[in-house]
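Throughout, a chain's letter reflects where its sequence line sits, starting with A, and its residues are numbered from 1.
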Amino acid sequence: MNEFYGYTGKILTVNLTAGYCVTENLPTELALDFLGGKGFGAKILYDRLKRGIDPLSPDNIMVFANAPLTGTLAPSSSRVVMSTKSPLTGLWLDSNCGGFFGPQLKQAGYDILIIEGRAQEPVYILIENDRVEIVPAADLWGKDTFETTEKLKEKHSSRFMTACIGPAGEKLAPIAGIISEYRAFGRGGGGAVMGSKNLKAIAVKGSRDIKLYDPDKFLKILNEAYDELRISPDTGGGRTKYGTNVILSFMNEAGVHPVRNFRNAVFEGIDRINEKELAEKYYVKNRACFSCPISCSKASRVKEGKYEGRFTEGPEYENTWAFGAQCGNSEMGAVIHAEYLCDKYGIDAISAGNITGFAMECFEKGLITETEIGFPLNFGDDEAMLKFLELIGQRQGIGNLFSSGVARAAREIGGDSGHFAMHVKGMELPAYDPRGAKGIGLAYATSDRGGCHLRAWPVAAEILSPGGDMDPLGTDKKPEYVKTEQDLFAVVDSSGLCLFAATGISLKYLVRLLEAATGIKDFGSMIRVMKIGERIYNQTRLFNVREGADRGLDTLPGRLLSEALPDGPARGHVVQLETMLNEYYDIRGWDQKGIPAADTIARLKLK
Amino acid sequence: MIKINSKDCTGCRICEIVCSMHHYRVVNSERARVRVTTNWPWEDEPVLCRQCRKPKCVESCPRGALAFANNHPVLDAEKCNSCQACVAACPFKAMFVDPENGMPIPCDTCDGKYMCSQWCPNKVIEVVGE
């Protein structure tokens, strides 16, 4: 291709071991076959990493990849995807972030930033167009993410956008995230990979033009797509008013909002922990990522009581659950402060809350003691929850073990703790109990990065579509749904848009925007773009298979498979995973061990 | 006249993007005539030309390169030597420069169309009294 549109056409590689930077052209085939974002990460990691490398060694690489729509006027075109080998799961990881970092990286001229090796001393990377510097960061090391962000902006101007780690990443906690402009590449331990490279932060600012193939057509399609967002009861109403918590009451009523480490499905604190309570008493202001008209983010402040003055940007639905129902806590002030602490120390809030609930159950069962923890850790004790979170964030005392995730902690603690360690492939589960919505069980089990709700989200059809034909408690149609949505979400995560905006405008508009932005005809076809999504999902599967993953790892915690829910609408239910899994593999063109078949690999042009 | 309802600003920067799209048909927030400032998490605010009746930017220019016409400052690029006295003089800190040549890029109201105002999803930038 002579000239790229939608893409900058450049890859920047920074090698921290040797201290050099190099810029290369974006291969045309990479764009055509893998679209961008997650797709770029999938191909590059598969080609570059050798089987079995230690995720925290200099052999691991980090790929920050933009996509054709990142940094444009398309709704919520804020997304940049970080791919690496996860220290939490030892498998594939992609984690994407909104905010402003991706668009600035693109404006600086780069589709992809690859980080290799390990610096001898703490450093940060400063990027301003052609100027790329590796700068000593001794004065930033040890600082939390808020201080780090502030210092970098003071030094280089507030127009620089940053991504940094806090103490948890420096101390290589496998649940450490990367915090970028108060948002996060949260899941899977990207913060620890950065810490292992002695890389405290990246600061970027650019002043180059982002060019589109047909700007007039792009604007015309955009006007239509914007109307879709405005009339949607979700993106044009509930999500703006309540943020991501918009679904909380629905999930609770459906018996899908897990309580006390997935032991129950009826939360006695729901009157105090719900979206209406948040909107009325805590939300102060709407905030938005780059180019987003939805503004699902909220600045919240506690106005009275023992947490008066505490604040955060959030809390998000998953975190309201993680530090609410999951810990049996009904003190909203503590939920808000917990999310603040996760951002401050740079840890993944979903994992941190899941882990805290797990530790509370371990304490209740006598598997860990007050002496080991330093204080009693009972379900529902908001102060103990926050103290425990401090230990995790700083990797102090017993927090050191628990910041490694529930899978490792369970191996250490023993007893029957493995049965209620709520993870898949080592990644802690988020805020949906699959015994009340079976599809999400299959989605968790087959997610390429482990226990995650963002690879497919069948609860939309199972719970949130009244009059729909998907019985939440049945298994019919679930494998087809999960497979298709995994491919679709792989497309979205490779397009530059956020999932909320992309599903709000639908694939129909997404492909038209991709074509107008890039001038690439294939991107205008829903069928061809979905094939790219399928290719990406198989590429990440091949990465995991190379690391030894197969059907054995596509499973759920014992509690979900054998312990019937004691209450709520799904009382008496477990997840019938194996039936769904057999059918899912068939639809995918994988054998019954979960390995992509040769003809599937050939059909998708994968090697 | 422009009225800014900054309490409703979410910091999305759609105004910056639209401004550069309208003027150059590309996205480049560093070439926009409007910039969002953020004081996390409580304050976001678009900064843009307020069309002063006695414009300090025009007064401050030592070479007479800036005039005020059609309700906005107008630059005569031939006379400008990128000294940026106008940038320092603007009481709203709303005069920005082109990153390529350091010359001011005064807001031209998009010929009265105010694209930033049209696209702002939260009605933060309001055109009043025209």
Please indicate whether Lys3(B) has more than 12 foreign heavy atoms, meaning atoms of other residues, nucleotides or ligands, lying under 6.0 Å from its NZ. no

Looking only at heavy atoms and a cut-off of under 4.5 Å, which of Thr312(A), Thr72(A), Asp216(A), Leu212(A) has the most pairs with chain B? Asp216(A)

Which atoms form the tightest heavy-atom contact between Ala299(A) and Pro41(B), and what is the distance? CB-O, 3.6 Å

In terms of heavy-atom pairs under 4.5 Å with chain A, the winner among Cys12(B), Cys120(B), Cys9(B) is Cys12(B)

Would you please go through residues 97-104 of chain A and name the residues with a non-hydrogen atom below 4.5 Å from one of chain B, in numerical order? Phe100(A), Gln104(A)

Rounded to the nearest 0.5 Å, what separates atom CZ in Phe290(A) from atom CD1 in Ile14(B)? 9.0 Å

Atom CZ of Phe68(B) with >12 non-hydrogen neighbours under 6.0 angstrom: yes

Taking a cut-off of under 4.5 angstrom between non-hydrogen atoms, the residues of residues 18-30 of chain B near chain A are Val18(B), Met21(B), Arg25(B), Val26(B), Val27(B), Asn28(B), Ser29(B), Glu30(B)

Residue set satisfying side-chain hydrogen bond (donor to acceptor under 3.5 Å, both in side chains) with Arg310(A), at least two apart, ordered chain then number -> none

Go through the atoms of Lys106(A) and report whether side chain, backbone, both or neither lie under 4.5 Å from a heavy atom of chain B. neither

Could you state the interatomic distance from CZ (Arg13(B)) to SG (Cys289(A)), rounded to the nearest 0.5 Å? 11.5 Å

Between Glu16(B) and Arg159(A), does any NZ, NE, NH1 or NH2 come within less than 4.0 Å of an OD or OE carboxylate oxygen? yes

Rounded distance (nearest 0.5 Å) linking atom NZ of Lys153(A) with atom CH2 of Trp40(B): 12.0 Å

Distance (rounded to the nearest 0.5 Å) between Asn286(A) CG and Asn122(B) CG: 7.0 Å

Separation between CD of Glu181(A) and OG1 of Thr38(B), rounded to the nearest 0.5 Å: 8.5 Å

Hey, is CG on Asp227(A) packed in by over 12 heavy atoms from elsewhere, all under 6.0 Å? yes

To the nearest 0.5 Å, what is the distance between OG (Ser291(A)) and CH2 (Trp119(B))? 8.5 Å

Using a heavy-atom cutoff of under 4.5 Å, enumerate the residues of residues 92-100 of chain B that contact chain A, numbered in order, or state 'none'. Pro99(B)

Counting only heavy atoms closer than 4.5 Å, note whether Gln107(A) contacts chain B via side chain, backbone, both or neither. side chain

Might you point out which heavy atoms bring Trp42(B) and Arg301(A) nearest each other, and give the distance in Å? CH2-CB, 3.7 Å

Side chain / backbone / both / neither for Ser78(A) at chain B, heavy atoms under 4.5 Å: neither

Nearest atoms (heavy-atom pairs only) where Thr10(B) meets Lys285(A): CA-NZ, 4.1 Å

Heavy-atom pairs under 4.5 Å with chain B - which of Arg208(A), Lys211(A), Arg230(A) has more of them than the others? Arg208(A)

